[in-house]
Amino acid sequence: MEGPPLWMRIYFAAVGWGNQLGHAEFSEGELAKVLGQSGNKYASQNVYRAVQTAVRYGLVQDGSGVRCLILPGHHFQQGMGATVCRWHGAKLWP
């Protein structure tokens with residue numbers, strides 16, 4: 001069994017790694033590993049296209065990329081995790 005499509009796994013990664021801002025940050029190549037694409041020679045293209053598809057479906061916000069996925073505000077619960085996003089420079093103000 002192949003499992004969910006890559007664009008859906010993008011959403012799962014965003015939810016699983018998201019912080020209080022709804023940003024899920026990844027180091028270079030980390031998202032491909034999380035998605036099981038690290039051994040694929042087309043990994044970067046596949047992951048990039050999957051992020052763009054997830055954006056089109058409204059699962060992650062525009063501005064998302066392979067280094068940081070941004071969840072729409074109604075898709076996450078604020079309360080645990082980091083309150084900053086190093087990649088986008090966003091901060092959660094008290």
Side-chain angles (χ1 to χ4, degrees):
M1 185 171 135
E2 188 176 300
L6 204 51
W7 57 265
M8 181 58 82
R9 289 187 273 162
I10 291 290
Y11 176 69
F12 296 151
V15 170
W17 275 261
N19 62 22
Q20 286 185 29
L21 293 170
H23 288 237
E25 297 180 76
F26 299 93
S27 59
E28 189 172 340
E30 183 182 10
L31 183 56
K33 283 183 186 176
V34 166
L35 300 172
Q37 294 290 304
S38 58
N40 183 334
K41 74 177 189 175
Y42 300 109
S44 60
Q45 294 171 346
N46 293 342
V47 173
Y48 174 81
R49 279 193 288 257
V51 170
Q52 297 310 307
T53 301
V55 168
R56 277 197 317 274
Y57 288 142
L59 298 174
V60 294
Q61 287 186 346
D62 193 30
S64 292
V66 297
R67 295 295 301 268
C68 184
L69 302 171
I70 309 168
L71 285 166
H74 60 282
H75 285 226
F76 70 97
Q77 181 176 347
Q78 297 177 359
M80 294 178 59
T83 58
V84 298
C85 176
R86 294 180 306 270
W87 185 254
H88 287 103
K91 295 180 182 178
L92 182 66
W93 299 100

**Asked** So how far is it from Arg56 CZ to Trp7 CH2, rounded to the nearest 0.5 Å?
**Response**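 Arg56 CZ to Trp7 CH2: 10.0 Å, rounded to 0.5 Å.
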**Item:** Spacing of Met8 atom CE and Tyr57 atom OH [to the nearest 0.5 Å]
**Value:**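 The CE atom of Met8 sits 9.5 Å away from the OH atom of Tyr57.
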Over all heavy atoms of both residues, which pair between [X] and [Y] is shortest? Give the atoms and the distance, please.
| X | Y | value |
| --- | --- | --- |
| Ala32 | Ala43 | CB-CB, 4.4 Å |
| Ala24 | Gly18 | CB-N, 3.7 Å |
| Cys68 | His23 | SG-ND1, 3.4 Å |

**Prompt:** Counting only N and O atoms by type, is there a donor-acceptor contact under 3.5 Å from the side chain of Glu30 to the main-chain atoms of Ser27?
**Reply:**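 Looks like yes, one N/O pair under 3.5 Å.
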**Prompt:** Side chains of Glu25 and Arg67: closer than 4.5 Å at any heavy-atom pair?
**Reply:**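 No; the side chains remain at least 4.5 Å from each other.
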**Request:** Give me the other members of the hydrophobic cluster that Leu31 sits in, counting Ile, Leu, Val, Met, Phe, Trp and Tyr linked by side-chain heavy atoms under 4.5 Å, directly or via other members.
**Result:**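 Members besides Leu31, by chain and number: Leu6, Ile10, Trp17, Phe26, Val34, Leu35, Val47, Val51, Val55, Val60, Val66, Leu69.
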**Prompt:** Are Leu21 and Ile70 connected, step by step, through hydrophobic side chains (Ile, Leu, Val, Met, Phe, Trp, Tyr) whose heavy atoms are closer than 4.5 Å?
**Reply:**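 Hydrophobic grouping puts Leu21 apart from Ile70.
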